Amino acid sequence: MALVIGAWTYFFIAIMSVAASKSSPLQLEKEAQALVNSGWWNDFTNHAPTRCQWPGITCNNEGSITNISLPPEIQLGDKFGKFHFSSFTNLVHLNLASHGIIGNIPFELATLSKLIFLDVSSNDIEGHIPSNIWSLKNLITLNLSRNKLNGSIPSSIGQLTKLTFLHLDANMFSGSIPLEIGRLQNLIHLDLSHNSFFGLIPIEIGSLKSLKYLSLSINNLSGSIPLEIGNLNNLLYLDLSDNNLGGESLSFLYNLINLIELNLSRNNISSIMSHELVKWTQLEHMKISDNKFFGVIPSEIRKLSKLLVLDFSRNMFYGDIPTSLSNCSNLKVLNLSHNNITGSIPSHIGELVNLDLIDLSHNLLSGEIPYQLGNVKYTRVLDLSHNHLIGTIPSSLVLLRNIDLSYNSLEGKIPSSLQDTAAPNAFIGNEFLCNQFRYSTTCYSSPTKTNTRLKTHMKIFIPLISFLALLCSLYVFLCWCKACSFISRTQTTKNGDFFSIWNYDGKIAYEDIIEATENFDIKYCIGVGGYGSVYKANLPSGRVVALKKLHNLEANEPLIRKIFKNEVRMLTKIRHRNILKLYGFCLHNRCMFLVLEYMEKGSLYCVLRNDVEAVELDWCKRVEIVKGIANSLSYLHYDCEPAIIHRDVTTKNVLLNSEMEACLSDFGIARLRNSSSSNRTVLAGTYGYIAPELAYTDSVTEKCDVYSFGVVALEIIMGKHPGELVSSLRFSSTRNILLKDLIDKRLIATINQQSAQSLSLIATLAFECVHSQPRCRPTMQIVCDKLVTGKPSLTKPFEEVSIRMMLN
């Protein structure tokens with residue numbers, strides 16, 4: 001309904017604006033000339049008199065252009081900034097979403113004073129929003145989402161009082177949400193998600209009474225949810241997930257009686273679930289996972305008859321599962337895992353025949369598995385693991401597709417059908433459960449005398465071994481402290497300063513760094529990022545290094561310091577020719593920097609976007625870069641113990657040396673596979689490279705890196721980010737696209753038989769890696785093996801190879 005109202009409002013204003021416009025012949029001529037000079041329509045006619053028939057153009061009765069909405073085949077690149085917007089005085093609608101725009105938003109865009117609809121989403125636009133954009137006071141829709149914009153949102157946003165749709169999501173904005181946003185009284189949709197906003201949610205948002213959609217998810221917001229949010233009576237969608245929000249009472253949220261979707265997941269909210277939830281009669285999605293909610297699950301939940309998704313996982317709920325859940329007949333997802341829920345599993349759950357996922361794992365459930373669960377024939381996942389369930393496995397469960405009953409106290413034989421379909425570890429940890437094979441029966445753990453003796457011995461030896469291990473650890477720690485003290489004293493004496501650099505060969509001194517960069521003078525700076533700068537230093541030894549130094553302000557931020565130190569911790573563990581070398585580091589409070597291998601060509605991202613360097617990066621070099629990245633990830637996943645997950649594999653984090661050889665860099669958010677740290681902030685990855693499953697789970701595995709690798713591999717052969725291509729692979733129209741139409745046009749003339757085979761292989765592997773289901777993606781070991789041994793013989797000429805052929 002909100003979309004319909006907004007569309008009618010826009011249509012009415014557009015008609016009024018166009019009707020009131022008078023255009024002189026000179027004005028029409030300026031428009032025509034600006035269109036021809038733009039270069040946007042080079043693949044079509046540039047016959048100016050017929051411009052109103054050009055693709056994506058709409059004119060008024062006088063022939064003046066009022067609407068530009070380009071078809072998807074027109075890709076703009078850097079032509080966006082060269083367009084003469086000031087020539088189009090009657091333009092009210094500009095839609096350039098998903099048109100491959102690079103560069104900044106041009107300052108001249110603000111000359112479109114009659115503009116009411118502006119959408120440049122899903123591009124590669126960088127930099128700050130020009131300050132004069134906020135003077136476009138007629139704007140009703142402003143969509144800048146899914147770009148690479150940064151900086152803060154100024155208070156002048158409050159001037160856009162006619163806005164009904166504001167989408168700034170999936171960028172790199174930071175700072176606090178301006179209080180002046182409360183002036184936008186006509187807002188229906190507000191989406192600021194997937195950014196780096198911090199601080200409190202402004203209470204002024206509570207005055208946006210027309211708001212129906214509010215998403216502030218995946219930021220660094222803190223404090224309590226404002227009570228004023230409860231005043232948004234028209235709100236249908238509220239997503240505050242993935243922040244650092246707290247609070248002990250959410251009773252005011254029960255006033256939002258029209259809510260259809262509520263997502264508070266992955267915060268620090270400590271609240272009891274009240275019986276007042278009966279007011280949410282329209283609710284379809286209720287997600288509050290990864291918080292500190294406690295108490296029993298109210299039986300009144302039966303009143304939420306429209307509920308489709310119920311996710312209470314990873315909280316502190318206790319007591320029984322209410323049998324009244326069976327009244328939620330539309331439920332498709334039931335996740336109560338990782339709580340303290342007791343009692344037995346209600347057999348009434350078997351009446352929820354539409355359930356696709358049932359996860360009751362990691363609780364204190366007891367009793368037998370109800371045979372009625374087998375009635376839920378559409379269930380994709382049934383996870384009852386890590387409980388205290390007893391008895392045999394009901395034969396009715398054989399129809400379920402994905403089952404996990406591990407770590408309970410089940411007994412008897414596993415139904416033969418489940419043995420064929422369930423995962424190998426689906427039944428482990430059940431002492432008396434046995435596999436029934438054709439000629440033999442094998443138990444997972446039989447209570448024999450041998451096992452009994454073994455348990456007795458273990459009770460004696462484990463404490464002894466643990467004590468000896470503790471003594472060894474203490475000894476190693478004392479030796480390490482002594483060594484650190486020696487290094488610090490040595491460096492202090494050598495440099496005449498209280499700073500020190502820890503390094504591997506003892507040849508880098510803090511004094512040398514300061515002299516080589518003239519105390520980090522700006523003229524030695526070769527790059528600036530969100531949290532620091534990179535400097536080039538020529539040391540007295542003749543070695544050239546790169547220095548990654550934190551900005552002074554960011555060095556005082558605990559989270560950023562943690563990320564910086566994490567990069568040190570990771571890089572000191574690893575040595576690989578395709579991973580950036582760490583020569584040393586200084587982690588003093590007043591000066592934090594890393595001493596890294598210097599890579600002459602900079603980032604792969606920049607090389608691909610420079611026409612001269614991109615041509616120098618021929619197909620042979622690109623293939624080797626793909627292999628190098630794959631080798632580095634395979635090393636991290638399989639040669640490091642424990643395995644390391646990079647979590648931010650992008651072309652910006654792949655650096656090239658003078659020979660165009662690739663090294664993976666930036667391990668600030670990397671984590672060990674078995675790490676218990678959550679890292680649940682927007683810093684955990686880069687938009688456009690993040691695996692889709694991280695939108696609904698915080699389970700980070702190697703397959704997340706595999707997905708990112710797939711995107712990077714496509715970007716390397718296409719010469720640009722694949723954008724919406726990855727998410728549209730399921731559509732037939734996308735699968736009919738030919739490979740020759742995807743690859744980098746700057747090298748199209750240099751393709752030979754060998755490069756055609758390599759490109760087909762890389763594209764095939766890349767499409768496997770970006771599969772939406774993690775289990776369907778190959779491992780990086782498999783990718784590396786295929787890149788070495790796989791040479792697909794093309795059954796058709798390269799010009800006829802389609803995405804469909806590669807997917808098959």
Side-chain angles (χ1 to χ4, degrees), residues 34-46 51 54-58 65 67-85 88 91 93-106 108-109 118-127 143-149 170-171 604-615 617 622 650-651 687-689 711-729 731 733-749 751 759 763 766 770 799 802-803:
L35 288 181
V36 173
N37 293 339
S38 70
W40 289 12
W41 287 268
N42 279 348
D43 294 336
F44 301 91
T45 176
N46 273 343
R51 60 188 178 277
W54 289 9
I57 287 183
T58 303
I65 295 170
N67 185 324
I68 298 179
S69 299
L70 295 182
E73 58 268 21
I74 296 180
Q75 296 292 294
L76 299 182
D78 62 354
K79 297 175 184 177
F80 180 51
K82 301 174 183 177
F83 195 74
H84 294 293
F85 292 102
F88 300 89
L91 194 66
H93 186 113
L94 181 60
N95 186 353
L96 302 177
S98 303
H99 285 286
I101 299 173
I102 60 176
N104 300 324
I105 297 177
E108 192 185 3
L109 186 63
L118 175 59
D119 187 348
V120 292
S121 61
S122 301
N123 286 292
D124 285 315
I125 302 174
E126 300 177 316
N143 191 346
L144 306 178
S145 63
R146 297 184 296 280
N147 280 290
K148 299 170 183 175
L149 294 164
N171 280 285
L604 176 59
Y605 174 89
C606 292
V607 171
L608 289 174
R609 282 152 181 80
N610 182 299
D611 288 343
V612 175
E613 292 182 330
V615 172
L617 199 67
R622 295 193 189 199
T650 71
T651 51
Y687 185 80
Y689 300 86
V711 177
V712 168
L714 287 174
E715 189 171 349
I716 291 171
I717 64 175
M718 294 172 65
K720 61 182 181 181
H721 190 279
E724 302 296 324
L725 173 69
V726 174
S727 60
S728 64
L729 288 176
F731 300 124
S733 57
T734 301
R735 296 189 173 202
N736 291 330
I737 296 176
L738 298 177
L739 178 56
K740 72 177 182 65
D741 295 329
L742 288 179
I743 62 173
D744 197 335
K745 300 296 187 294
R746 295 167 294 190
L747 296 181
I748 192 74
I751 292 180
L759 289 175
V770 297
E799 292 75 17
S802 67
I803 291 180

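Since we're looking at a predicted model, the values are computed, not measured.
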Inset, instruction - Please round to the nearest 0.5 Å and tell me the distance separating atom CD1 of Ile102 and atom CZ of Phe80. - result: 12.5 Å

Legend entry - Inter-residue atom distance Ile57.CD1 - Leu70.CG, 0.5 Å rounding: 8.0 Å

Legend entry - Straight-line distance of Ile68 CD1 to Leu91 CG, nearest 0.5 Å: 5.0 Å

Inset, instruction - With rounding to the nearest 0.5 Å, note down the distance linking CG in Asp119 to CG in Asn143. - result: 4.0 Å

Legend entry - Intermediate values then yes/no, side chain to side chain contact (heavy atoms under 4.5 Å, CB included), His93 and Thr58: CA-CA 9 Å; His93 186 113; Thr58 303; over 6 Å; no

Inset, instruction - Starting at CG of Leu714, measure out to CG of Leu742 and round the result to the nearest 0.5 Å. - result: 8.0 Å

Inset, instruction - Kindly write out the residues that satisfy ring pair (Phe, Tyr, Trp, His ring centres under 6.0 Å) with Tyr605, not counting sequence neighbours, or none if the list is empty. - result: none

Inset, instruction - With side chain to side chain contact (heavy atoms under 4.5 Å, CB included) as the test, would you mind laying out the steps for Leu725 and Ile803 before giving the verdict? - result: CA-CA 11 Å; Leu725 173 69; Ile803 291 180; 3.9 Å; yes

Inset, instruction - Tell me, please, which residues at least two apart from His99 pass ring pair (Phe, Tyr, Trp, His ring centres under 6.0 Å). - result: none

Inset, instruction - Could you tell me which non-hydrogen atom of Arg746 sits nearest to which non-hydrogen atom of Asp611, and how far apart they are? - result: NH1-OD1, 3.0 Å

Inset, instruction - Could you pull out the closest heavy-atom pair between Leu739 and Ala763, with the gap in Å? - result: CD1-CB, 4.0 Å

Inset, instruction - Indicate yes or no for a side-chain donor-acceptor contact from Arg146 to the backbone of Gly688 under 3.5 Å, with no hydrogens or angles considered. - result: no

Inset, instruction - Using atom types as modelled and distance alone, determine if a side-chain donor or acceptor of Asn123 lies under 3.5 Å from a backbone N or O of Leu96. - result: yes

Legend entry - Full working for side chain to side chain contact (heavy atoms under 4.5 Å, CB included) between Ile716 and Leu617: CA-CA 10 Å; Ile716 291 171; Leu617 199 67; 5.8 Å; no

Legend entry - Non-hydrogen atoms of Pro55 and Pro71 that approach each other most closely: CB-CG, 3.7 Å

Inset, instruction - Measure across Ser122 and Glu724 and return the closest heavy-atom pair with its distance rounded to 0.1 Å. - result: OG-OE2, 3.6 Å

Legend entry - Listed partners of Asp741 passing salt bridge (charged side-chain N to carboxylate O under 4.0 Å, His left out), at least two apart: none

Legend entry - Lys745: salt bridge (charged side-chain N to carboxylate O under 4.0 Å, His left out) partners, not counting sequence neighbours: none

Legend entry - Residues which pass side-chain contact (heavy atoms from CB on, under 4.5 Å) with Asn37, listed by chain and number, not counting sequence neighbours: Gln33

Inset, instruction - Could you list the residues that satisfy ring pair (Phe, Tyr, Trp, His ring centres under 6.0 Å) with Tyr687, not counting sequence neighbours? - result: none

Legend entry - Partners passing salt bridge (charged side-chain N to carboxylate O under 4.0 Å, His left out) against Asp124 (at least two apart in sequence or in another chain): Lys148

Inset, instruction - Give the intermediate values and the outcome of side chain to side chain contact (heavy atoms under 4.5 Å, CB included) for residues Leu94 and Phe85. - result: CA-CA 11 Å; Leu94 181 60; Phe85 292 102; 3.9 Å; yes

Inset, instruction - State, to 0.1 Å, how close Arg622 and Ala614 come at their nearest heavy-atom pair, and which atoms those are. - result: NH2-O, 3.0 Å

Legend entry - Counterpart residues, side-chain hydrogen bond (donor to acceptor under 3.5 Å, both in side chains), relative to Glu108 (two or more places apart): Ser86

Legend entry - For Ser728, all residues meeting side-chain hydrogen bond (donor to acceptor under 3.5 Å, both in side chains), sequence neighbours excluded: Thr734

Legend entry - Val711 side chain reached by His721 side chain, heavy atoms, under 4.5 Å: yes

Inset, instruction - Applying salt bridge (charged side-chain N to carboxylate O under 4.0 Å, His left out), name anything that partners Arg609, two or more places apart in sequence or on another chain. - result: Glu715

Inset, instruction - Measure the CH2-CD1 distance between Trp54 and Ile65 for me, rounded to the nearest 0.5 Å. - result: 8.0 Å

Inset, instruction - Please report the shortest heavy-atom distance between Ala713 and Ala766, naming the atom on each side. - result: CB-CB, 4.0 Å

Inset, instruction - Would you check if the side chain of Asn171 reaches a backbone N or O of Asn147 as a donor-acceptor pair within less than 3.5 Å? - result: yes

Legend entry - All side-chain contact (heavy atoms from CB on, under 4.5 Å) counterparts of Thr650, not counting sequence neighbours: Asp648, Lys652, Asn653, Thr686, Tyr689

Legend entry - Short side-chain to backbone donor-acceptor contact, Trp40 and Lys79, under 3.5 Å: yes

Legend entry - For Ile751, side-chain contact (heavy atoms from CB on, under 4.5 Å) partners two or more places apart: Trp619, Ile743, Ile748, Ser755, Ala756, Leu759, Phe798

